[in-house]
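The next block holds one structure in the form of structure tokens; read it before the comments.
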Amino acid sequence: METPLHKKRWGNGDPLHEIISGLPRQRLIVNSVALRADYLPSSLPHRWDHIRRVGQVLAPCLGNGRPSNVLIYGKTGTGKTAVVKHVLERFSAEAVRRGLRSQFTYVNCRIAGTEYRVLSELCSSLGVRVPFTGLSKAEVFSRLRSSLQGLGSLMVACLDEVDVLVKGFGDDVLYELTRSNDASSPAQISLIGISNDLTFKEQLDPRVLSSLGEEEIVFHPYTAPELVDILRERAEMALRKDAIRSDIINLCAALAAAEHGDARRALDLLRVAAEVAEREGADAVEVKHVRAAQGLIERGRIHEALSSLPIHSRVVLLSAFSMAKKKEALTSGVLYTTYRSLCGRVGLEPLTDRRVSTLVSELDMLGVLSCDLVSFGRHGRTRRIRLSIGLEEIGAVLEGDDLLAPIVKEMASNHT
Ligand SMILES: Nc1ncnc2c1ncn2[C@@H]1O[C@H](COP(=O)(O)OP(=O)(O)O)[C@@H](O)[C@H]1O
Ligand SMILES: [Mg+2]
């Protein structure tokens with residue numbers, strides 16, 4: 001039998017060898033969009049029950065009733081946003097087909113940022129322009145109501161990551177939105193509130209809770225086998241056919257499941273691993289690429305958390321950093337003294353001991369510092385504080401701060 005063409009040997013001095021081998025191979029990632037977190041796949045494995053539940057709640061909007069409000073919660077990456085967007089898309093297409101006036105709106109409260117912006121996005125989905133700033137909340141609210149009245153239509157509004165809004169501004173807007181329905185008019189609002197925070201309900205006024213939580217749906221974390229199915233579908237869309245083996249998909253799923261069953265995390269791992277493999281010019285994604293992706297993601301996460309710290313927390317961190325550089329033991333007392341002197345150097349008014357102590361606890365929760373109470377005999381107890389992440393990483397972030405950079409650089413030159 002003849003040797004297949006791709007196995008044929010062309011002999012020494014093949015004049016085409018250099019030209020052909022110098023050409024880049026076919027890319028590993030053929031459709032990077034399908035690996036992005038905001039990509040909405042048309043099928044959502046292991047969420048059919050949830051899709052059905054949300055669909056049942058919203059069903060009256062395709063007749064002539066007002067759907068109950070619904071509160072959806074579950075940890076990040078459990079498919080809440082994907083499920084609700086999927087149902088909204090389907091219902092809004094069906095409403096158009098039936099010639100209904102129902103409006104379907106999705107607002108992400110974390111991205112909108114303020115109550116005003118949330119309300120103005122609701123308005124603009126009805127075609128009402130609201131200036132960027134300047135109106136009172138009550139005015140925006142009344143424009144929303146009157147345009148809804150004018151249209152005589154029902155509005156199904158999803159407020160995603162509504163816990164962030166409530167944490168920042170309280171639940172006034174929710175209160176207004178939930179109690180504004182006039183049963184005699186077709187112009188009504190149904191709310192879908194989504195929260196990543198499981199304790200969110202405790203932050204709501206009982207009246208808001210009883211109205212927003214007319215229905216409740218909980219999204220549980222994905223198991224490793226469920227994540228495997230999700231990843232497999234996305235990998236098929238995104239990667240070249242033979243670019244990934246099932247054991248690599250299993251690894252990504254297992255790592256994400258061990259964390260908290262977060263599909264976003266699993267997809268991030270897959271995407272970053274594929275990017276690393278592609279950059280290396282590898283033929284397929286291997287275990288080492290997944291390990292590298294883990295490191296990159298972890299560093300990205302810390303960097304993000306640190307970069308958004310308020311200035312006083314940064315100075316606290318710088319104080320801990322400077323003591324660690326000098327290899328000196330750090331207690332809360334020493335930390336506070338160092339903090340005060342650093343505040344003096346950069347011209348900041350120092351906060352009180354107690355406030356700083358709260359900031360230290362926050363940094364502890366972020367996983368940047370770790371504190372434990374130690375006893376000093378009759379001198380009582382104090383907190384011993386240690387850095388939980390590498391000096392270099394902290395240094396790099398602090399150097400990105402214009403105000404603190406000169407001090408960080410000086411410390412680096414003194415102690416190396
Ligand atoms: N069942 C599923 N099937 C396919 N992809 C999913 C599924 N659940 C979540 N995803 C994907 O995982 C990522 C995170 O999901 P998302 O809905 O944003 O989670 P949440 O809103 O709960 O934080 C998105 O890219 C989404 O497309
Ligand atoms: Mg979400």
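Atoms within each ligand, like the ligands themselves, are counted from 1 in listed order.
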### Query
So does H220 have more than 12 non-hydrogen atoms from other groups sitting under 6.0 Å from NE2?
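Yes, the 6.0 Å shell around NE2 holds more than 12 heavy atoms from other groups.
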### Message
Does R340 have more than 12 heavy atoms from other residues, nucleotides or ligands lying within 6.0 Å of its CZ?
### Response
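Not buried by this count: 12 neighbours or fewer within 6.0 Å.
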Give me the nearest non-hydrogen protein atom to [atom] as residue plus atom name, then the distance to 0.1 Å.
atom	answer
atom 18 (O) of ligand 1	R264 NH2, 2.9 Å
atom 1 (N) of ligand 1	P45 O, 2.7 Å
atom 22 (O) of ligand 1	K80 NZ, 2.7 Å
atom 17 (O) of ligand 1	A82 N, 2.8 Å
atom 23 (O) of ligand 1	G77 N, 2.7 Å

For a quick test of your reading: what N or O donor-acceptor pairs under 3.5 Å do the side chains of residues 342-357 make, sequence neighbours left out?
residue : atom : partner : partner atom : Å
R345    : NH2  : E410    : OE1          : 3.2
T352    : OG1  : R355    : N            : 3.2
S357    : OG   : R383    : NH2          : 3.0

### Query
Do any pairs count as a salt bridge (charged side-chain N to carboxylate O under 4.0 Å, His left out) and have a residue in residues 75-85, sequence neighbours left out, and if so which ones?
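Not a single pair qualifies under salt bridge (charged side-chain N to carboxylate O under 4.0 Å, His left out).
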Can you tell which part of [X] has a heavy atom less than 4.0 Å from ligand 1: side chain, backbone, both or neither?
X	value
I230	side chain
Y222	side chain
L267	side chain

### Query
Leaving out waters, which are not shown anyway, how many protein N, O or S atoms lie closer than 2.8 Å to the Mg ion (ligand 2)?
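With waters ignored, the protein N/O/S count below 2.8 Å is 1.
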Donor-acceptor contacts, no H, no angles, side chain residues 394-405, under 3.5 Å, sequence neighbours left out:
residue : atom : partner : partner atom : Å
D401    : OD1  : L403    : N            : 2.8
D401    : OD1  : L404    : N            : 3.3
D401    : OD2  : R314    : NH1          : 2.8

### Query
Are E94 and R98 close enough for a salt bridge, meaning some N to O gap below 4.0 Å?
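Salt bridge flag = yes for R98 with E94.
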Contact check, [X] vs ligand 1, heavy-atom distance below 4.0 Å:
X	value
G74	no
R234	yes
R47	yes

